[in-house]
Amino acid sequence: MTVVTRFAPSPTGHLHIGGARSALFCWAYAKKQGGRFMIRIEDTDQARSSDESARGILEDLAWLGIDWDDGPVLRLPDRTIGEGSRPVGPFFQAQRLGIYNAYIEDLCRRGVAYPAFENADELDAKRRAAVAAKRTYRYERPADVTPGRFSEDRWRRATGGEPHVVRFVAPHEEIVVADLVLGDVRIAAGELDDFVLRKADGFPTYHFAVVIDDELMGVTHVMRAQEHLANTPRHVAMQRSFVRLDTGRPFRTPAYAHMPLIFNMDGSKMSKRDKAKAARKAAKDAIAKGSSSGALAAATGLNPATLDQFLAGENDSLDVAQALGAHLKITLPEVEIWDFRQSGYVPEAIINFVSLLGWNPGMKQPDGKDLEKFDRHFLAEHFSIERIGRTNAKFDRAKLLSFNADAIAGLTDDEFARRWLAWLAEYEPDAHARLARALGAGVSPRLLALTRALKPRAKTFRDALRPAAFALVRDDEYALDPAAVEKNLRANGGTGRALLAEARARLDAHADWDAAALNGLIEAMAKERGLPNAGPIAQALRVALTGSAVSPGLGETLAVLGRESALRRMDRCLASIAAP
RNA sequence: GGCCCCAUCGUCUAGUCCGGUCCAGGACGUCAGGUUCUCAUCCUGAAAACCGGGGUUCGAAUCCCCGUGGGGUCGCCA
């Protein structure tokens, strides 16, 4: 039997970090077993689903390198995914209404389901009353409904146009879910009530569509987050009662594997709202320090009333959060793959880190330490359901960041340059343009010199922007930091300035404008002058070349700028500081 | 509240199935040193955990029970 796993996102937003892990594990298991990995879009919530969201989720998966064998076709500039799908589509549930309806009718005729006519508000009120009274609420099956018997009268009313939902006749028996991670999970008879299969708008509910589609699409292994565990008995109950329309065979029950949940460090659920929370906190801190909501509104261009509502917690608008974040210079917490991508994370690091949230290879490295660095190909070769953990995990951003830094450090210089440039083009087009202007387009030798210097200083692609700043400005476009000038050029009667002047002369006469050779020149000069190290010369030059006391290595800095630019910057600096 | 799941350093975890080699190992973070022209990288070292209580056993992080704590779920959301 060919293993078929699936990831079935609801297109109501971006791909969440937890969803990415689910998809990854499903993908890895299918690869490992020589099976197929499928994507199905669960767009049965008419109000919240969107095509853009579906497209975005597919693109995020593709970006992570999680390709599907079956599912929607996604055309990307460099490849197309989903073209070789088995003919079990369509893969959008909204396009499968005919199938669901055929099953609904069969189920009703066999007395396994029945139309119900209660009003949603009334049921809601009953439910709330039960909760208030600390009683368990269960839908009460109408007296005229008999399991196994077609409710003709109800069917007639329903087909006659009366508003209704269709409910399942829940079996009165114990249900055992044989979970591959958790073991047997038993639910006593009578715990399930007659839940809804088809909503009043004619769309299937999640539970119903999942069971129908997993059967019809040949899904053999359902791997998903533990939040679905408590719903699984419903699915098993349906599988026991449903019969395929095409073959007349009973539904099969796939293997289940429920994986642990992922939370924030504080134990809260990771959600888009975290961004609003962070922005709100930063704004309130700013106000506490003397700013005001009016000033914030003015600075961000936000509508003052909208901002006040946001601050009061009356809405969690992403736009407001982002405007505040940009103005207050805070990074909003990333929770979706799209966020991490924008923040300059690489897919390798996300894949690796997220794999470790609830799974572990349990292998040692040659040095005896636990193996925890690997890529998706390793996962495809070694993934096993037995090694999925049972405990919920907290998402430690610091560790992810460290993984990302390592992944970046592991790139070749050329690869880093190419990918950083592509990232800039997408998320920092202004810096991208400035860089092309200063160093030439594409991966030029000088760009390579720059990125070599940037790589060990960057934990993310965005991080690389700061140490690259000196290369993005014109030779007369940057300001000299007064404190740095004072300390490194003016102090001690201007020894720094004198060193700068001498270094400038030596550099002018120097033929080989290469980072290593330039470093050698500075070292040699320090030695000749009897200095304990190259520090004073390097610092004087650094301030002159970049305006600041902090920059990449001096040789690299010089090499990136090039002879002309470097000399011009030194001259400008010397001219701005009077000789003593 | 009913039902269900879980429980090793601050965090991710190895070890748990097949009790002894575990005064519990690794990683991230933290702290202290060191290398280096600044920053970063890098190197070395340290502190840091078997939720509690009962059993079973010569012996329990590992098996059993109870408690406690955390989580999920109970929608015409998925």
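These figures come from a predicted structure and were not determined experimentally. Within every chain, numbering begins at 1; the chains are lettered A, B, ... in the order of the sequence lines, protein sequences first and strands thereafter.
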Check this one for me: any side-chain N or O of [X] less than 4.0 Å away from OP1 or OP2 of [N]?
X      : N     : result
A:K199 : B:C77 : yes
A:R224 : B:A78 : no
A:R234 : B:A78 : no
A:K369 : B:A27 : yes
A:K459 : B:U41 : yes

Select base, sugar-phosphate, or nothing to describe what [X] touches, counting heavy atoms under 4.0 Å on all strands.
X      : result
A:A398 : sugar-phosphate
A:R128 : nothing
A:F395 : nothing
A:R186 : sugar-phosphate
A:V165 : base
A:R387 : sugar-phosphate
A:A120 : base
A:R397 : nothing
A:R127 : sugar-phosphate
A:E118 : base
A:T44  : sugar-phosphate
A:H228 : base
A:P233 : nothing
A:Y137 : sugar-phosphate

Does the plane of the ring in A:F340 sit parallel, tilted or perpendicular to the ring in A:F395? Use 30° and 60° as the thresholds. tilted
Determine which nucleotide pairs with [N], using a 3.5 Å limit on both distances of a Watson-Crick or G-U wobble pair.
N     : answer
B:G69 : B:C6
B:U57 : none
B:U11 : B:A27
B:C74 : B:G1
B:C22 : none
B:C50 : none

Between A:R198 and A:G368, whichever has its closest RNA chain B nucleotide further toward 5' is A:G368
RNA chain B nearest-nucleotide lookup for A:S551 and A:N360: closer to the 5′ end is A:N360
Quote, to the nearest angstrom, the [atom1] distance that separates [N] from [M].
N     : M     : atom1 : answer
B:G70 : B:C65 : P     : 22 Å
B:A47 : B:G67 : C1'   : 32 Å
B:U62 : B:C6  : P     : 16 Å
B:C4  : B:U13 : P     : 25 Å
B:C64 : B:G19 : C1'   : 13 Å
B:G53 : B:G75 : C1'   : 41 Å
B:C17 : B:A61 : C1'   : 14 Å
B:U11 : B:A49 : C1'   : 12 Å

Any heavy-atom pair between the side chains of A:Y114 and A:V165 that's under 4.5 Å? no
Taken in chain and number order and not counting sequence neighbours, the residues that satisfy side-chain hydrogen bond (donor to acceptor under 3.5 Å, both in side chains) with A:T232 are A:R224, A:H258
*Is a side-chain donor-acceptor pair under 3.5 Å present for A:Q93 with A:R96?*
no
Requested in this report: Would you please test A:R397 and A:E334 for salt bridge (Lys or Arg N to Asp or Glu O under 4.0 Å) and show each step?
Outcome: CA-CA 9 Å; A:R397 291 162 193 285; A:E334 301 91 353; 3.3 Å; yes
Separation of B:U38 atom C1' from A:L554 atom CG, nearest Å, is 10 Å
Whole-Å distance, A:K399 NZ to B:G10 C1', equals 13 Å
Quick one: is the NZ or CZ of A:R167 closer than 6.0 Å to the six-membered ring centre of A:Y139, and within 45° of its axis?
-> yes
Query raised in the report: Hey, does the Lys NZ or Arg CZ of A:K373 hover above the aromatic six-ring of A:F403, less than 6.0 Å from the centre and inside 45° of the axis?
Result: yes
Side-chain atoms of A:D370 come closest, of B:G25, B:A27, B:C76, to B:G25
Winner on side-chain proximity to A:D396, out of B:G10, B:G71, B:A78, is B:G10
| query | Donor-acceptor pair under 3.5 Å: do we get one between A:N519's side chain and the base of B:C37? | reply | yes
- Message: Under 3.5 Å, is there any donor-acceptor pair linking the side chain of A:R457 to the base of B:C39?
- Response: yes
query = Given the side-chain rings of A:H228 and A:Y206, with only the six-membered ring counted for Trp, is the space between their centroids under 6.0 Å?
reply = yes
